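Below: one structure, written as structure tokens.
What you are looking at is a predicted structure, and each value in this text was computed from that prediction instead of being measured. Proteins come first, then strands; the chains are lettered A, B, ... in the order of their sequence lines, and each starts at number 1.
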Protein chains: 2
Amino acid sequence: MPADVVTMEKVVSLCKRRGFVFPSSEIYGGLGSSYDYGHYGVLLKNHVKDQWWRAMLRERDDIVALDSAIIQHPETWVASGHLAGFTDPLVDCRACKLRFRADQLEEGHCGRKPSQPPGSTDACELTEARDFNLMFQTTIGPVKDEGATVYLRPETAQGIFLNFKNYLQFSRKKPPFGIAQVGKSFRNEITTGNFVFRMREFEQMEMEYFVAPNQAPHWFEHWLAQRMNWYTRLGIRPDHLRLRAHEPEELSHYSSATSDIEYRFPPPATPAREAGGGRWSELEGIANRGDFDLKSHTERSGQKLEYVDTASGERYVPYVIEPAAGADRAALAFLLDAYDEDEIGGERRTVLRLHPLLAPVKVAVLPLVRKDGQPKLAHEVHHALRERLGAEYDEGGAIGRRYRRQDEIGTPWAVTIDHESLENRTVTVRDRDSLAQQRIAIDELGDELERRLREPWRSPKLSG
Amino acid sequence: MPADVVTMEKVVSLCKRRGFVFPSSEIYGGLGSSYDYGHYGVLLKNHVKDQWWRAMLRERDDIVALDSAIIQHPETWVASGHLAGFTDPLVDCRACKLRFRADQLEEGHCGRKPSQPPGSTDACELTEARDFNLMFQTTIGPVKDEGATVYLRPETAQGIFLNFKNYLQFSRKKPPFGIAQVGKSFRNEITTGNFVFRMREFEQMEMEYFVAPNQAPHWFEHWLAQRMNWYTRLGIRPDHLRLRAHEPEELSHYSSATSDIEYRFPPPATPAREAGGGRWSELEGIANRGDFDLKSHTERSGQKLEYVDTASGERYVPYVIEPAAGADRAALAFLLDAYDEDEIGGERRTVLRLHPLLAPVKVAVLPLVRKDGQPKLAHEVHHALRERLGAEYDEGGAIGRRYRRQDEIGTPWAVTIDHESLENRTVTVRDRDSLAQQRIAIDELGDELERRLREPWRSPKLSG
């Protein structure tokens, strides 16, 4: 089987057909680069977020959770530097009237000669670049001209810094410790696209890890390893991931070191696809933010944001190591890496080889025929599994077609009820990847599937 | 013990002290009626949402999930009626310069004579009432004067109606079926307050249930019963809940019947507390929205939003029954109803008698002393429980103080490791409510606690 049958179009098409992701506000013609998650997309993304929380809260003792407001006090963005510096340089074309990012002209298309990037042809007459802030602005209070101007947060991180003092007090944690948050952020980007990869409204999974300054390099390395491991153990092929350290000139003003975890996305269009090609793009950034944020907020607010060791009397402003991941990008990467095609009995099959923990539905329950008491027993089995695992019942159409449908949404196991089931209360369990069928007693089914769900897992694509 | 020791102040104070809820952007002086959820608040609210999803997706087969964008196409709000009609009538006082809701003058306080409501005294000279739209407005696209005006959604429901057609196609559901969604909504209210009860940024749990028009009254009753049951089985006292049918003149333009599930909130201030008093306020509204939404979006978009039965050829625009709950209000109601005080050995104790499924932490693991190998064994026990259930380790301070801390965050069970534990690998399990201590083998601990977690539960306050 070819190692790389996946293209972005195939996954976008499957996402729409099977109810993972729909273009937002579609009946009104859509809203550029805005998407709604359908049923299976909600389940998949929830499982991605669950696994992130699990890695942060359940596999260690040094991290606590936060959920801060999207609209924060506007001073936040003065201190963080976003109000002054969170900008893109934009240029306008006087001829075609389109607007482009000055630093990404080679990726744009001139409105008059779409085969050409703007600026490369005499058709496009570009203005000087001007800086535009990427924060969405709105007004709080009921009247526009009297209300206060506020911003939708462009990152969740600042909510964590604002609460640093509260957390020292109630949590009794001391460095090294972290505060983790999952939630929506908003950036008014001009260059969006590539499906859910870059949207103006997106969901982040960020954690700020506070450490003694001299320990920062050690913890930076620790989090690089931890986060790479999280993606691979949930099924991303190691050769589809890489760590890329930012060059000194690429670093943000607050960071002394940043590395991106990059994923090898397939190119958007099949015709543009090169042999063995693909585009490395950021899934997650891991940054050493130093003491920039806590110091800035201390200056701006007048509140001392520092750690005081009551035993030794030592006091310092902690350094911060930040693994900042995108929930939408992670879900997309898991989908892309799981996408596969093979042949069963001469028929082409599309299958999502998702890690069972990420699969939207864990088990499908299918009566072989819609008679002879099979649906009744299947409902009984389904109801027992549904609450424990998340299960789906399907009695419509030929059994082969029902298997294919579950394969396409990545369901790892299908339980079939047949005439023998009614005689001896056993069922067959079909494995999505190996296609092996095993006969199991109904009474042992729940325990057996929960056991399989907890087993270490390795993508079958790796041996392909 | 008094049935009703709880006041809003006590709960607000506990929420801050123990890390459930903090005023947002506090280091910058806060942002009116905006709150951040701290560690235990995140866990509690996540458990509330989990239980809602469970009731929607895992206990029945007729509901699917959606997660639509916060910023939708602006035509959405033309069709829904929000752009024209989602307004509050506001009046200004020419003397004190404050602004009030014209329909809530009796609850306001004049800026000059705070003991008096505006309008009741000659100090306050009110303008005529004017209508102000409650939607937050922002601009998409990088430049204010050229971008498009869009709105932050004031309800999640409309995202469901926009996707109705997609769901008919991929999900193969037919009426009666529902689409459920959890997410943030935004309303630029002038009257906020009462802690997290009324915030401008809040989280909804909404489900739109599509039915044949003649079945609407039946399903309306069904959902009233289902939703009342959800609150009581998760621990709200039945006498703290009531169903209140809207009067005809109270109904929204789209609804032929609406009932609110109301909770008896304690009054905000102790001095204002009356004997047996309290204020009934809406937790959730259950509405028969008829075919208003699907018809409006059909008209506005030109896309036919109707159901066609392929077998019978019957076609109709489904009616919609909507149970719309607030996640923040639900979490607050569970906290208020769980709050209790009692006495142990002559000492006053504050305890949150939360349903174990809602409790932020399920089990605390406590070595009796910080020596003799007890911490090592306690860590082993903690690590085994942490991944399965959500557990906390605490070795700091006297055991009684550690129990109190867990009582205050509502942890149902505390496992104590003592000298006997090292001899025979047994531990004591202390119950938060009965205070009973039971000796259990370490190897059976996980199974035993999971069993207890699944048991039906009844608040001990009910027998108090």
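By the 4.5 Å heavy-atom criterion applied to side chains, I27(B) and H73(A) are not counted as neighbours. For the pair N188(A)/T138(B), no side-chain contact is recorded, criterion being any heavy-atom separation below 4.5 Å from C-beta on. Two residues are said to be in side-chain contact when any heavy atoms from C-beta on lie closer than 4.5 Å; L152(A) and I70(B) fail this criterion. Put simply, the side chain of I71(A) does not reach to within 4.5 Å of the side chain of R200(B), judged on heavy atoms.
Ring-plane geometry between F170(A) and Y40(B) is classed as perpendicular, the angle between the planes exceeding 60 degrees on a 0 to 90 degree scale with a lower cut at 30.
Heavy-atom pairs under 4.5 Å with chain A peak, among Q169(B), R17(B), R172(B), at R172(B). Counting heavy-atom pairs under 4.5 Å between each of Q181(B), Q158(B), H382(B) and chain A puts H382(B) at the top. The residue among L66(A), N166(A), V21(A) with the most heavy atom pairs within less than 4.5 Å of chain B is N166(A). Contact count versus chain A (heavy atoms, under 4.5 Å) is highest, among A65(B), G29(B), S25(B), A180(B), for A65(B). Listed options G30(B), G390(B), S34(B), P74(B) were ranked by heavy-atom pairs under 4.5 angstrom with chain A; first place goes to G390(B).
For the salt bridge (charged side-chain N to carboxylate O under 4.0 Å, His left out) test with E387(A), the passing option among R54(B), R454(B), R60(B) is R54(B); the others fail.
For NZ of K184(B), the number of neighbouring non-hydrogen atoms (other residues, nucleotides, ligands) closer than 6.0 Å is greater than 12. Atom CD of E59(B) has more than 12 heavy atoms from other residues, nucleotides or ligands within 6.0 Å. In E450(A), the CD atom is crowded: over 12 heavy atoms of neighbouring residues, nucleotides or ligands sit closer than 6.0 Å. The environment of K174(B) atom NZ is sparse: at most 12 non-hydrogen atoms of other residues, nucleotides or ligands sit within 6.0 angstrom.
Contact of E26(A) with chain B is made through the side chain alone, with heavy-atom distances under 4.5 Å. Contacts between L389(B) and chain A at a heavy-atom distance below 4.5 Å involve the backbone alone (N, CA, C, O). For Q303(B), the part lying near chain A is the side chain, with the backbone staying farther off; criterion is any non-hydrogen pair under 4.5 Å. For T76(B), the parts lying near chain A are the backbone and the side chain together; criterion is any non-hydrogen pair under 4.5 Å. Of the two parts of H383(A), only the side chain, counted from C-beta on, holds a non-hydrogen atom closer than 4.5 Å to a non-hydrogen atom of chain B. Contact annotation for R405(A): only side-chain heavy atoms (C-beta onward) come within less than 4.5 Å of a heavy atom of chain B. Interface residue D394(B): only side-chain heavy atoms are found under 4.5 Å from chain A. Contact annotation for E201(B): only side-chain heavy atoms (C-beta onward) come within less than 4.5 Å of a heavy atom of chain A. Proximity to chain A (any heavy atom under 4.5 Å) is shown, for Y28(B), by both the backbone and the side chain. Only the backbone of Y35(B) comes within contact range of chain A, with heavy atoms under 4.5 Å apart. Residue contact with chain A, scored on non-hydrogen atoms closer than 4.5 Å, involves the side chain of N163(B) exclusively. R18(B) touches chain A through its backbone: at least one of N, CA, C or O sits under 4.5 Å from a heavy atom, while the side chain does not.
Counting only residues at least two apart or in different chains, salt bridge (Lys or Arg N to Asp or Glu O under 4.0 Å) contacts with residues 160-169 of chain A are absent.
Taken to the nearest 0.5 Å, the CG atom of D50(A) stands 7.0 Å off from the CG atom of D50(B). Here CD of Q137(A) is found 7.5 Å from OG1 of T139(B). Values are rounded to the nearest 0.5 Å.
Applying the side chain to side chain donor-acceptor pair (under 3.5 Å) test to E75(A) and every residue at least two apart in sequence or in another chain returns R300(A).
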- Pair R386(B)-D61(A), side chain to side chain contact (heavy atoms under 4.5 Å, CB included): steps then yes or no: CA-CA 9 Å; R386(B) 172 174 83 174; D61(A) 299 323; 2.7 Å; yes
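Checked by atom type and distance alone, the side chain of D67(A) never pairs as donor or acceptor with a backbone atom of G41(B) at under 3.5 Å.
Across every non-hydrogen atom of Y167(B) and H39(A), the tightest pair is OH-N, 3.1 Å.
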